[in-house]
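Just so it is clear, the values below take in all heavy atoms, side chains as well, and ignore hydrogens, waters and symmetry mates. Note that the numbering runs from 1 along the sequence shown for the chain.
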Amino acid sequence: MRALKIVFWILYRVWFYVLMAIPIIVMFPFLFISILKEKWYPYFFVMARIWAKVILFGMGFRVELEKEEEIIEGKSYMFVANHTSMTDIMLMLSVVKNPFVFVGKKELTKIPLFGFFYKRTCILVDRKSSKSRMAVFERAQKKIDQGFSICIFPEGGVPDDESIVLDEFKDGAFRLAIDHHIPIVPLTLADNKKRFSYTFFSGSPGLMRVKIHHFFDTKDKSSEYKKTIKAQVRQVILNQLQDYNP
């Protein structure tokens with residue numbers, strides 16, 4: 001039985017990367033054109049959502065979305081969520097319709113095809129470089145000024161210790177939201193770790209639950225408020241994770 005599971009997990013991982021590549025190859029000319037000008041990013045975002053939904057469907061993931069508040073079309077937000085899987089990217093694209101830009105680690109640029117577009121459409125950060133972290137704020141400010149939203153996984157990466165339910169949050173997302181007076185939208189991704197974690201021999205088709213929580217207003221908040229709001233947002237997501245998986 002164990003041998004059969006290992007074979008399944010290997011094939012399941014290979015299939016994931018095949019699914020990542022197929023929509024990109026099919027849509028490549030349109031994707032490439034859409035990244036030539038920054039004002040065309042919303043067209044790229046629509047195709048990225050199609051790409052994400054193809055992967056989720058092809059992997060046998062069924063998305064169940066619960067919303068405490070509605071996202072308003074055309075408004076900028078700071079989307080923050082827990083981070084446990086590479087499928088977090090696809091799930092965020094699937095459930096959020098407002099065009100947003102990911103802030104993510106530069107290591108993902110090494111993935112063939114995906115990395116080409118990831119590098120040109122996301123705000124990349126080298127977490128070991130203070131200069132890189134400062135550049136993130138400048139690029140994010142530009143995107144917000146253009147009317148886009150930002151998506152950050154505030155844990156700063158996937159926790160190395162698998163026993164950690166939710167790692168401590170970094171300040172960046174909350175500082176940006178306060179500086180630009182945009183609402184913070186917490187999202188809880190309940191099942192991504194179980195469905196497709198970074199552990200190679202793991203994963204299976206099934207349910208992926210997402211909850212969009214009530215928004216946190218940052219209007220008229222000072223920069224000193226970022227630690228308070230950071231703790232509040234983290235607690236909301238942590239409580240929901242514990243409710244989903246007691």
Side-chain angles (χ1 to χ4, degrees), residues 63-73 75-105 122-123 125 127 133-134 136-137 139-141 143-144 148-193 208-246:
V63 178
E64 183 180 279
L65 175 62
E66 180 184 353
K67 293 185 281 187
E68 291 183 341
E69 193 167 343
E70 290 290 339
I71 295 168
I72 299 172
E73 184 178 351
K75 187 172 182 178
S76 294
Y77 297 92
M78 175 63 69
F79 297 107
V80 298
N82 57 303
H83 193 23
T84 57
S85 166
M86 194 169 174
T87 58
D88 298 344
I89 294 172
M90 295 82 183
L91 196 54
M92 289 296 297
L93 287 167
S94 174
V95 301
V96 177
K97 295 180 181 178
N98 283 29
F100 64 81
V101 178
F102 279 110
V103 174
K105 54 187 180 182
C122 298
I123 299 172
V125 57
R127 302 190 186 279
R133 293 196 299 271
M134 288 304 297
V136 166
F137 284 92
R139 290 197 62 194
Q141 178 177 335
K143 296 299 181 184
I144 293 169
F148 299 127
S149 297
I150 302 293
C151 177
I152 297 179
F153 299 112
E155 292 168 275
V158 176
D160 293 330
D161 186 347
E162 291 201 3
S163 66
I164 296 175
V165 176
L166 187 66
D167 213 343
E168 295 300 319
F169 283 2
K170 306 292 190 294
D171 289 345
F174 308 96
R175 175 182 161 188
L176 274 169
I178 290 171
D179 286 351
H180 295 282
H181 313 293
I182 58 175
I184 298 169
V185 182
L187 294 93
T188 301
L189 313 181
D191 306 294
N192 294 29
K193 186 175 183 178
M208 279 186 161
R209 293 166 293 176
V210 185
K211 184 166 184 177
I212 298 176
H213 299 277
H214 285 300
F215 307 163
F216 284 75
D217 187 20
T218 62
K219 189 177 180 181
D220 301 323
K221 303 295 184 184
S222 66
S223 58
E224 289 77 19
Y225 184 67
K226 69 176 181 290
K227 292 192 180 298
T228 299
I229 201 168
K230 178 181 71 171
Q232 291 173 343
V233 170
R234 183 180 180 276
Q235 195 61 49
V236 164
I237 296 175
L238 179 60
N239 289 345
Q240 190 61 56
L241 285 171
Q242 292 170 338
D243 286 345
Y244 273 140
N245 302 295

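- Here the side chain of Asn245 pairs a donor or acceptor atom with the backbone of Ala190 at under 3.5 angstrom.
- The shortest heavy-atom contact between Cys122 and Arg139 is O-NH1, 3.3 Å.
- Among Val80, Leu166, Asn82, Asn239, the single residue meeting the side-chain contact (heavy atoms from CB on, under 4.5 Å) criterion with Arg234 is Leu166.
- Looking at Ser76, its side chain does come within 3.5 Å of a backbone N or O of Phe148 through a donor-acceptor pair.
- Here the straight-line distance linking atom CE of Met92 with atom CE of Met90 works out to 13.0 Å at 0.5 Å rounding.
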The test is side chain to side chain contact (heavy atoms under 4.5 Å, CB included); show your working for Val185 and Val96 and say whether it passes.
CA-CA 11 Å; Val185 182; Val96 177; over 6 Å; no
With side chain to side chain contact (heavy atoms under 4.5 Å, CB included) as the test, would you mind laying out the steps for Ile229 and Lys221 before giving the verdict?
CA-CA 10 Å; Ile229 201 168; Lys221 303 295 184 184; 5.8 Å; no
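- The nearest pair of heavy atoms linking Pro159 to Asp167 is CG-CB, 3.8 Å.
- Side-chain atoms of Asn192 do not come within 3.5 Å of backbone N or O of His83 as any donor-acceptor pair.
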Criterion side chain to side chain contact (heavy atoms under 4.5 Å, CB included) on Thr84 and Leu189, from CA distance to verdict:
CA-CA 9 Å; Thr84 57; Leu189 313 181; 5.9 Å; no
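- Relative orientation of the Phe102 and Phe100 rings is perpendicular, given thresholds of 30° and 60° on the angle between their planes.
- The NE2 atom of His180 sits 9.0 Å away from the CZ atom of Arg175 when rounded to the nearest 0.5 Å.
- Atom CD1 of Ile184 is separated from atom CD1 of Ile150 by 13.0 Å, given to the nearest 0.5 angstrom.
- In this structure, CD on Glu64 lies 13.0 Å from CE on Met208, to the nearest 0.5 angstrom.
- The heavy-atom pair separating Ala140 from Leu176 by the smallest distance is CB-CD1, 3.7 Å.
- The structure places NZ of Lys170 at 9.0 Å from NZ of Lys230, a figure rounded to the nearest 0.5 Å.
- The CG atom of Asp217 sits 10.5 Å away from the CD1 atom of Ile178 when rounded to the nearest 0.5 Å.
- Looking only at distances, no side-chain donor or acceptor of Tyr225 sits under 3.5 Å from a matching main-chain atom of Asp220.
- Inter-residue side-chain proximity for Val95 and Leu187 is flagged as met; some heavy-atom pair is nearer than 4.5 Å.
- Between the side chain of Thr188 and the backbone N or O of Gln240 there is no donor-acceptor pair closer than 3.5 Å.
- The backbone N or O of Ile182 sits less than 3.5 Å from a side-chain atom of Thr218, completing a donor-acceptor pair.
- In this structure, Glu68 pairs ionically with Lys211, as a charged nitrogen and a carboxylate oxygen lie closer than 4.0 Å.
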Just do the side chain to side chain contact (heavy atoms under 4.5 Å, CB included) check on Tyr77 and Ile72 with the steps written out, would you?
CA-CA 9 Å; Tyr77 297 92; Ile72 299 172; 3.3 Å; yes
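- The heavy-atom pair separating Ala81 from Ile237 by the smallest distance is CA-CD1, 4.3 Å.
- Of the possible polar contacts, one joining the Glu69 side chain to the Phe215 backbone as a donor-acceptor pair under 3.5 Å is found.
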